[in-house]
Protein chains: 2
Amino acid sequence: MSKSSKPKVYQGVLEEVRMYIRDNHLSPGDKLPSERELSDKLQAGRSSIREALRALELLGLIETRHGEGTFLRSYQSLQSVELLSSFILLEDQTRNELHQVKRMIEKEAVKMALPLIQEDTLTKLEAIVKSSAPSEKKHIDFFTCVLQQANNKLLLKIWMLLEEFSHSIDSVYESQVFYDKLLEIIAEKDNNALESLYEQ
Amino acid sequence: MSKSSKPKVYQGVLEEVRMYIRDNHLSPGDKLPSERELSDKLQAGRSSIREALRALELLGLIETRHGEGTFLRSYQSLQSVELLSSFILLEDQTRNELHQVKRMIEKEAVKMALPLIQEDTLTKLEAIVKSSAPSEKKHIDFFTCVLQQANNKLLLKIWMLLEEFSHSIDSVYESQVFYDKLLEIIAEKDNNALESLYEQ
DNA sequence: GCAATCCAAGTGGTCTGACCACCCCTAATG
DNA sequence: CATTAGGGGTGGTCAGACCACTTGGATTGC
């Protein structure tokens with residue numbers, strides 16, 4: 001007759017830990033009680049405690065240091081994004097969609113970076129384009145640089161993940177002419193030309 | 001002399017499980033090997049297996065049914081959203097990045113969908129915009145529809161993920177005027193106007 | 001023959017206790 | 001006084017034991 005399943009211990013632990021953090025006003029960097037202590041206080045087996053802590057760790061909410069303890073951690077790592085993305089990509093990585101999304105991000109990254117690009121970055125990009133490296137490395141170097149300028153770590157991370165996956169699936173990169181034009185567009189900060197370049 | 005810490009078993013298990021899913025072409029709903037079987041195959045204690053599975057469960061990537069087994073699950077919602085939001089307040093920087101990326105995807109999704117949008121979809125969007133639903137639901141409905149038309153499941157998933165994060169943290173949505181204009185742009189399939197609308 | 005029932009096997013859920021590896025601090029050592 | 005050895009605390013891992021729940025086939029009763 002029951003509809004909802006029995007709550008699991010580790011979920012209760014998550015709740016308790018959260019309250020502990022709130023009630024003790026813990027800030028990033030502060031230490032949490034040890035696993036054995038939590039096990040004691042919360043009346044739960046150490047393994048259940050660990051299941052909860054491991055989950056929090058994977059989410060990037062805490063950090064454990066062997067021999068030292070478990071510490072609260074500021075959430076900026078974007079760690080969970082990485083994991084989630086990789087599983088999302090597992091499901092149906094149709095080449096076309098992947099390629100389309102990646103290309104879109106690259107285009108928009110350039111657009112974001114445009115107002116922020118300085119002379120030195122430009123020379124750096126130029127060097128990359130003119131180098132004799134394989135087109136794959138060239139591509140990665142180029143857009144890594146652009147994305148850094150775009151000043152959005154989240155976007156950078158997403159792009160790197162897509163890049164990695166696309167690398168293991170197919171390897172379609174742009175032509176030399178493409179990069180030349182792109183460089184020109186960046187130098188002149190021409191938004192419309194950028195759009196047209198990516199139209200094709 | 002080693003600098004990087006020893007990799008933990010449960011992290012290896014995560015990797016293995018991911019590969020297992022890929023190599024066996026598992027789809028959402030399919031069953032994973034039992035904990036004991038994994039423990040056997042991967043040469044790891046059952047508790048380590050469980051730490052990995054619990055983490056995946058918290059992320060909403062798998063579902064475990066007592067007495068039945070563990071199943072792959074299509075990404076629906078983070079079990080952990082409340083955790084994330086109540087635990088840590090995202091840094092401003094990250095928050096902005098999130099918002100920026102999400103907005104960018106929405107814009108590009110419209111662009112992708114433009115050539116594919118039919119009369120009936122347009123009426124549907126119109127209904128959403130004119131509805132009296134809270135702006136949050138309106139936003140989600142609107143872009144879910146757009147993203148479906150854009151015909152790129154990957155982008156849809158990425159967007160849903162971001163939307164969920166953003167939802168638990170801040171709730172800045174667009175104004176009514178914004179949607180009206182957007183609708184008009186879609187009706188007229190005006191790419192340039194779209195860019196300008198999103199400039200601000 | 002067919003339906004209802006029961007039970008054993010398989011699975012997740014949890015706890016306990018035992019080691020190991022690692023970090024830190026302190027007391028003994030030189 | 002500096003160095004070192006050791007002990008205690010902490011996370012990391014494993015093995016084994018139960019329990020609770022689901023399922024499906026064997027058994028039973030009609």
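Proteins come first, then strands; the chains are lettered A, B, ... in the order of their sequence lines, and each starts at number 1. Side chains included, hydrogens not; waters and symmetry mates left out as well; all remaining heavy atoms used.
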>> Counting neighbours of NZ on Lys124(B) that are heavy atoms of other residues, nucleotides or ligands and sit closer than 6.0 Å, is the number greater than 12?
In response: no
>> Test side-chain contact (heavy atoms from CB on, under 4.5 Å) on Leu72(A) and Ile21(A); report intermediate values, then the result.
In response: CA-CA 9 Å; Leu72(A) 198 53; Ile21(A) 291 173; 3.8 Å; yes
> Among residues 32-42 of chain A, which contact DNA chain D at a heavy-atom distance under 4.0 Å?
Replying inline: Ser34(A), Glu35(A), Arg36(A)
Distances for protein N/O vs nucleotides 21-25 of chain C N/O pairs under 3.5 angstrom?
residue: dA21(C); atom: N3; partner: His66(A); partner atom: NE2; Å: 2.9
residue: dC22(C); atom: OP1; partner: Lys6(B); partner atom: NZ; Å: 3.1

> Donor-acceptor pair, Asp30(A) side chain versus Ser27(A) backbone, under 3.5 Å?
Replying inline: yes
Run the side-chain donor-acceptor check on residues 58-68 of chain A: report pairs under 3.5 Å with partners two or more places apart or on a different chain.
residue: Thr64(A); atom: OG1; partner: Glu57(A); partner atom: OE2; Å: 2.6
residue: Thr64(A); atom: OG1; partner: Lys8(B); partner atom: NZ; Å: 2.7

> Under the 3.5 angstrom rule, does the side chain of Asn152(B) hit a backbone N or O of Leu154(B) as a donor-acceptor pair?
Replying inline: yes
>> From CG of Leu53(B) over to C1' of dT14(C), roughly how many Å is that when rounded to an integer?
In response: 15 Å
> Looking only at side chains, do Gln176(B) and Lys138(B) share a donor and an acceptor under 3.5 Å apart?
Replying inline: yes
> What pairs of residues pass the salt bridge (charged side-chain N to carboxylate O under 4.0 Å, His left out) test when at least one of them lies in residues 173-191 of chain A, not counting sequence neighbours?
Replying inline: Arg103(A)-Glu174(A)
> Over how many whole Å does the gap from Phe71(B) atom CZ to dT11(C) atom P extend?
Replying inline: 11 Å
> Roughly, in whole Å, what's the span from CD1 in Ile49(A) to P in dC15(C)?
Replying inline: 8 Å
> What pairs meet the ring pair (Phe, Tyr, Trp, His ring centres under 6.0 Å) rule with one or both residues in residues 100-141 of chain A, with sequence neighbours excluded?
Replying inline: His139(A)-Phe143(A), His139(A)-Tyr173(A)
> OP1, OP2 of dC15(C) versus side-chain N and O of Ser48(A): anything below 4.0 Å?
Replying inline: yes
> Between Arg54(A) and Glu35(A), is the closest basic N to carboxylate O distance under 4.0 Å?
Replying inline: yes
> Which whole-number value in Å describes the distance from Glu63(B) CD to dT11(C) P?
Replying inline: 17 Å
> Could you give the CZ-to-C1' distance, from Arg50(A) to dG17(C), as a whole number of Å?
Replying inline: 15 Å
> Which is it for Tyr198(A) and Phe178(A) under the ring-ring contact (aromatic ring centres under 6.0 Å, His included) test, yes or no, and what are the steps along the way?
Replying inline: CA-CA 9 Å; Tyr198(A) 269 93; Phe178(A) 178 89; 5.4 Å; yes
>> Using only atom types and a distance under 3.5 Å, with no angle test, would you say the side chain of Ser39(B) pairs donor to acceptor with the backbone of Ala44(B)?
In response: yes
>> Can you give me the first and the last nucleotide of DNA chain D (5' to 3') that has an atom within less than 4.0 angstrom of a non-hydrogen atom in chain A?
In response: dG9(D) to dC21(D)
